[in-house]
Structures are given as C-alpha cells and as structure tokens.
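Only one structure is covered here, and it is reproduced in the block below.
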Amino acid sequence: MVTRVQVVDRLSTRLKPNFKCRGELMRVIAAVRVKVCYRLGVCEKYKVALFVSLLPHSSGLLFSPILTALVVLLIVYLAVNYYKRARLLKLIGLIPGPPGLPLVGNAIEVNVDHDEIFERLSGIRQLWGSRLGFCKGWLGTKPYVFISKAECVEPIMGSIKHIEKSQEYYYLHPWLGTGLLTSTGLKWHKRRKILTPAFHFRILDDFIEVFREQSDILVEKLEKEVDKDAFNVFPYITSCTLDVVCETAMGYQSNSQNDKDSDYVKAVYEIGSIVQNRQAKIWLQPDFIFKMSSYYTRHQECIKILHGLSNKIIAERKEEVRQEKENGHKDNAKDEFSILGSKKRLAFLDLLIEASKEGTVLSDEDIREEVDTFMFEGHDTTSAGLCWLLLLLGSNQEVQDRVVAELDSIFEGSDRPFTMKDLNDMKYLECCIKEALRLYPSVPMLARKLEEDVTLGDFLVPSGTTAMIIIYALHRDPNVFKNPEVYNPDNFLPENIQGRHPYSYIPFSAGPRNCIGLKGIGLKEIGMKEIGLKEIGSKEIDLKGIGLIEEIGMIEREIFITKKISSFKEDGVRYVRPLRIRQLNAGLI
Ligand code: HEM
C-alpha cells in the first residue's frame, strides 16, 4: 500500500505539464482519481479531490471544489463580519460622544493613573451625555456606551440576556477564577443557585459576634490617634473589614488590624492596584505584553500568596470537618446551616464545603474561586462605604445628632452589645448609610457586554458594545434627587422613596446579577461598624477637633482624619468640618 505522501508526490509529477484548457485539466484529475482510488483502496471522492487541491499548481487555472468552498466560506465570513462591523460603526456613530482616533479611539484621553480615570470617564459622560443620559466612547477598537439615567439602565441591568461581564473583569480571573462575580452563562446560574441560600438572613446571627469583636479592636486603634496629627482612616477601616471578611468567609483570623505587614493583606492591596492599571492601560491588556511588564512578577507573587492561603485554609477546614464527622458529630437537623452539629461559628467556607457534596457539586478549585470572590467583594465595598459614611457624618452635624438620638432611644443608656433587632430598629442610620452609598457608591461603575441590541431612547446600541453604567452619576440625577450633591438621608425616608424609578438608585447593582450580599450583609456590616465607632463615645474618648479630609475621587480612597476644621479646597484637597462622635448618654464631646 502506498502512503499518502507518495501518492501526492506521484500526482504532482503527473500534473506538472501546463494545461491548455480547463477540460484537459479535468480529464487529468478524473484519471488521477481512478488511479488513486485504486492504489489507496479507498473510493471517497473528497479525499482524492483534497489531494489534488493540495498539489503544486502547474497552472493558475487549477480548479478544486474544496478550495473553492473554503474561499467562499472565507468570503462569507469576512462579509458577515464586515457587515456587522459596518453596522456597529454606523449605529455607534449616531450616538453622541467624543471623537476618537483610528485604532486607539479615546484611549489617549483615559491614559492616566487609575485614580484619575474615574474623573475622566465621568467628565466624558457629563460633557456628551447629560441630556440623553448616555454617550459613547472608544477604547481602542472596542465601543462603549456610558450610561447614567435610570430609564436607560433598566433595559440592560434588568434583563437576564445581559449578564455577560465585560472584558474589564477578565483581569480578575487569575485571582478570582470564574467565581460568582466573574462567571457567566450556565456556570453563573448554577453557582448563584447554590450560593443564594448561604445568604439567608440567619447567617448574620453567626456573624454579629465577629462584627462586635472586630469593631472593638477598631475603636482601640482609633483611640490612639485621637488628638494627634492628621491620619488616614482608610487603612484602619479596611483592615477591620478584611479581618471581618476573612473570619466570616474562611473562618480564618487574618489579624490584619494588629499586623499591618501581613503578606496576605499586602497582596490583596497590590493585586487590586495591578488589576486597575491593566483595566485602564490598553497596552497592558494583551497577556503576552503584560507578562513582559514590570507588574507581572509582583502579580504572580500576589496570586501565589492569595491562593496559597485559600488552598491551605480549605484543606485544613475540610480535614477538620471530616474528623469531626468521624468523631460522631451528627448534622443538626434543626439548623440548616449547621454542618458540624456544634455551636461553632460557621464560616461561609463551611457552607461551601457542605454544598460541594464531597467534590461532586463543587471541586476544591470551585470552592477557592468563591472564597476568593467573597474576600474581594466583601471587604472592599464595605470599607469604602463606611469611610464615606464617616466623612459625611463628620461633615453634617445635624444628621449626626439624629443618629445619636436614634441610638440613644434604642440603647437607653445601656452599653449592652447590639443585637440584630437593634440593627433592624435603626431606621434613620439605615437612611444615612443609603444616602452615603448614593453620593459615594462603593462600586462607582460597572460594565456589561451587550449580547443583543438594546434600544436606548431613539438610539439602537448594537450587540458587542460594552455598556458602562456610571452609578456615581446615576445617583446624582437632579430629576430624581433634589439637590443631588447634598448629603440628605431624608431622601430615603419611606415617604420620599415613593414613585422613584427602581433603577435610579443601585449601589448593589440591580436585576438578576445584583449583589448577593445585598442589604443583608453589606448594609448591616456598615451599620455594625458604625455602632462600634459610636462606642468610642461611650468610652469617653475625646475626639473633639478631629476632622476629615476627602482627598481623592472614587477609586483610590483615602480619607484623612485631621484637626483641620474649615471647609474649603486647597491644592485639590477638600477640607471638611470635624468628625464628632457622641457619647451614648451625653452631648457632643
Ligand atoms: C456596601 C456593601 C456592598 C456593596 C455596595 C456591594 C455592591 C455590589 C455590586 C455593585 C455588585 C455588582 C458588581 C458587578 O456587576 O460588577 C456586587 C456583586 C456581588 N457582591 Fe456585593 N456589595 C457589597 C457587599 C458585599 C458583601 C458583604 C458580599 C459578600 C460577603 C458581596 C458579594 C458580592 C458577590 C458575590 C457579587 C457577585 C454577584 C453575581 O454576579 O451574581 N457584596 N456587589
């Protein structure tokens, strides 16, 4: 039996002479086909045709049905793509927005450090989209629409069709994998279904003790800064939220409030900053370029630290669960979250181990993805929210007085630990938190890749566009919130929220892909820490003269507590009035 290579060799020799006409060529091919079928012992015509099409052309007229089909397919593919791209360009072109340069679009305008990008994007939206509530922009060859009007947010966020996260989230994959925040399609649906029960309100009962312990430590730390020079309150709050989330998510005490040099804590910060840089700088986006950049080595070190710890904790916890089960602890049927049958505080990880059904539903890697996701989503959002709340309470004496009056009415002079019921009774504090999240949403913008065309007003936004929802601007729509720049918790009194568009206030996102922690944990966690801070007052610490400086925009948050007391702008820094935290029973200290 001859080999295929030999057949091709022989055929090419035979076909070497130039053909005078197509008929002659076809006759040769037919003859060759017979011979090849005979020699190879096969008779599939397509194989012969393929051999013939592979032969070196002795004439420019060589004809092959396969080659023709391939060329036709290629032309159709190119034509469809050309049509799609032309349609996209035409439709996007109709939407108002800044003119972009070929290939780079508006990338040069946003080629700034990540703390300034937010300002630039908001600026573009304000300049071009104030009236319509949306405008377009180009990052490289990728089209974006920046949206900040409730009516335009709804068709996207409210639809199950647009749950695909945009390219910006891809840079989180090395750390978070495709956990709940970053996954899409079937995987997301499945995970969301598994994880939703974990956020049952009863889980908060287990967590309340962690909040109390950690806010006590926070108070102790802040005490030391009283009456000293200006200091940035952000690291204190973030360490506290990180400790809370480490313990509630993994059952692990990261102790970052006491150990600022913790490798894990440093890695969380650094990777966040690297990811933001990648999102903004288009040349860092292709993997092969990123791998050559100075960021990459540190990025990999961070991943090693972050995954190393999660893997270690998961393995240890699984082993503990196994041993406790072996030692005869039976599942407590009365408590749907109790897997150990003991009174031990359950971490989110325990619930995942339970849900994993010994690896059949969730593998160890799946568990790690989710634990890492909750570490990331659970600490950054709440710490930003709490810092802004402090700033706003510090700057609004009257609001602060009302918060204190409400707490006084609940605690009636007692310094007993707070309970879930207390938290539910703090209606005005809840309005204050909501209003803080309105002015300074912890997630100031989010993005979706449109899977289908969407109609916004008189415009059709084509599929393939990235919809960037600028929550920060949405929350400042003067048609929804009177005096939108003013901190006014009354905006959230029941009588004032009547008739408000449901998509006009979305700090936790909205629709099927909203925050799974939502009010349940996010708001309560902020509330609990706020109470913790209020206990500074109950311990009679003199915070008189302490003020706050808001120094930045929304992305890189630094809030300084300082002795400066006026309210003016200097060197881009806005000084505000002092933060005063009142005692439980007394007036202002
Ligand atoms: C003030 C506190 C919080 C705020 C403002 C907040 C805000 C948000 C927002 C805006 C999203 C949507 C993100 C996007 O689509 O890109 C989101 C998603 C998410 N959040 Fe939160 N969050 C908070 C607290 C928490 C907490 C405490 C947890 C967990 C312990 C959490 C877990 C998640 C998860 C897992 C997702 C992804 C949900 C999904 O895609 O199905 N969040 N959050």
Side-chain angles (χ1 to χ4, degrees), residues 153 156-158 160 162-172 176-185 187-196 198-200 203-204 206-207 210-211 237-238 241-242 244-250 275 279 347-349 351-352 369-389 430 433-449 466-472 474-475 503 505-530 554 557:
V153 172
I156 295 164
M157 303 305 284
I160 193 75
H162 304 298
I163 57 163
E164 176 93 7
K165 294 288 172 92
S166 71
Q167 165 98 21
E168 282 68 25
Y169 295 76
Y170 169 77
Y171 312 111
L172 283 167
L176 308 182
T178 44
L180 196 58
L181 178 72
T182 41
S183 59
T184 192
K187 180 169 179 181
W188 173 77
H189 277 281
K190 224 172 108 191
R191 288 283 170 91
R192 182 91 189 195
K193 213 169 147 193
I194 295 173
L195 296 174
T196 298
F199 286 89
H200 193 280
I203 199 171
L204 285 171
D206 275 346
F207 290 170
V210 182
F211 291 128
I237 303 290
T238 307
T241 50
L242 203 57
V244 167
V245 86
C246 266
E247 203 168 340
T248 50
M250 300 201 276
V275 167
Q279 286 171 333
F348 174 67
L349 172 60
L351 309 174
L352 284 173
E369 281 178 351
E370 297 308 341
V371 166
D372 288 342
T373 297
F374 284 89
M375 289 295 304
F376 168 66
E377 268 295 317
H379 96 274
D380 185 58
T381 46
T382 44
S383 63
L386 182 56
C387 283
W388 289 114
L389 177 69
E430 188 170 329
I433 298 169
K434 284 181 174 165
E435 177 69 350
L437 288 173
R438 179 184 74 80
L439 278 175
Y440 300 109
S442 309
V443 181
M445 49 193 170
L446 44 86
R448 294 278 187 278
K449 184 155 182 247
T466 297
M468 186 78 86
I469 315 291
I470 316 274
I471 301 181
Y472 180 86
L474 173 78
H475 287 179
Y503 286 79
Y505 176 72
I506 54 165
F508 295 95
S509 182
R513 257 207 117 154
N514 64 359
C515 171
I516 200 168
L518 203 63
K519 284 187 197 168
I521 297 190
L523 281 185
K524 296 267 183 320
E525 189 181 334
I526 292 180
M528 291 187 209
K529 298 223 187 74
E530 171 58 19
M554 291 295 298
R557 306 172 193 95

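Order of appearance sets the numbers: ligands from 1, and atoms from 1 within every ligand.
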- Query: Are Arg448 and Tyr169 side-chain neighbours, meaning at least one heavy-atom pair lies under 4.5 Å?
  - Reply: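 With C-beta onward as the side chain, the pair touches.
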- Evaluate the side-chain proximity of Ile160 to His189: yes if any heavy-atom separation is below 4.5 Å, no if none is.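 Yes, their side chains come closer than 4.5 Å.
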Give a yes or no answer on whether the side chain of [X] reaches the backbone of [Y] with a donor-acceptor pair at less than 3.5 Å.
X	Y	value
Arg513	Ile163	yes
Glu164	Thr184	no
Thr196	Lys193	no
Thr182	Gly177	yes

- Determine the sole option in Tyr440, Tyr503, Tyr505 for which the ring pair (Phe, Tyr, Trp, His ring centres under 6.0 Å) test with His475 is passed.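 Answer after filtering Tyr440, Tyr503, Tyr505: Tyr505.
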- Crowding at NZ, Lys449 (>12 non-hydrogen neighbours, <6.0 Å):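 Not more than 12 within 6.0 Å, no.
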- For atom NZ of Lys190, is the number of surrounding heavy atoms from other residues, nucleotides or ligands below 6.0 Å larger than 12?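 No - once you tally the heavy atoms of other residues, nucleotides and ligands closer than 6.0 Å, there are 12 at most.
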- Examine the proximity of ligand 1 to Phe374 and report which part, side chain or backbone, both or neither, has a heavy atom under 4.0 Å away. side chain
- Message: Once you restrict to heavy atoms under 4.0 Å, what part of Asn514 touches ligand 1? Side chain, backbone, both or neither.
- Response: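 Backbone only.
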Close-contact set for ligand 1 against [X] heavy atoms, below 4.0 Å:
X	result
Trp188	39 (C), 40 (O), 41 (O)
Arg192	38 (C), 39 (C), 41 (O)
Gly378	26 (C), 27 (C), 28 (C)
Tyr169	14 (C), 15 (O), 16 (O)
Thr382	2 (C)

Are any of the N or O atoms of [X] closer than 3.5 Å to those of ligand 1?
X	result
Arg513	yes
Leu180	yes
Ser442	no
Thr373	no

- Query: Can you tell me if Lys165 has a non-hydrogen atom under 4.0 Å from ligand 1?
  - Reply: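 Distance cut 4.0 Å: Lys165 passes for ligand 1.
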- Does Arg448 come within less than 4.0 Å of ligand 1, judged by its heavy atoms?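 Right, Arg448 reaches ligand 1.
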- Task: Look up atom CD1 in Ile516 and atom OG1 in Thr373, then write down how far apart they are to the nearest 0.5 Å.
- Result: 10.5 Å
- Message: Heavy atom to atom 10 (C) of ligand 1, shortest distance: which of Pro441, Pro444, Cys515, Pro507 holds it?
- Response: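 Of the listed residues, Pro507 has the closest heavy atom.
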- Query: Counting heavy atoms only, which of Met445, Arg191, Glu377 is nearest atom 33 (C) of ligand 1?
  - Reply: Glu377
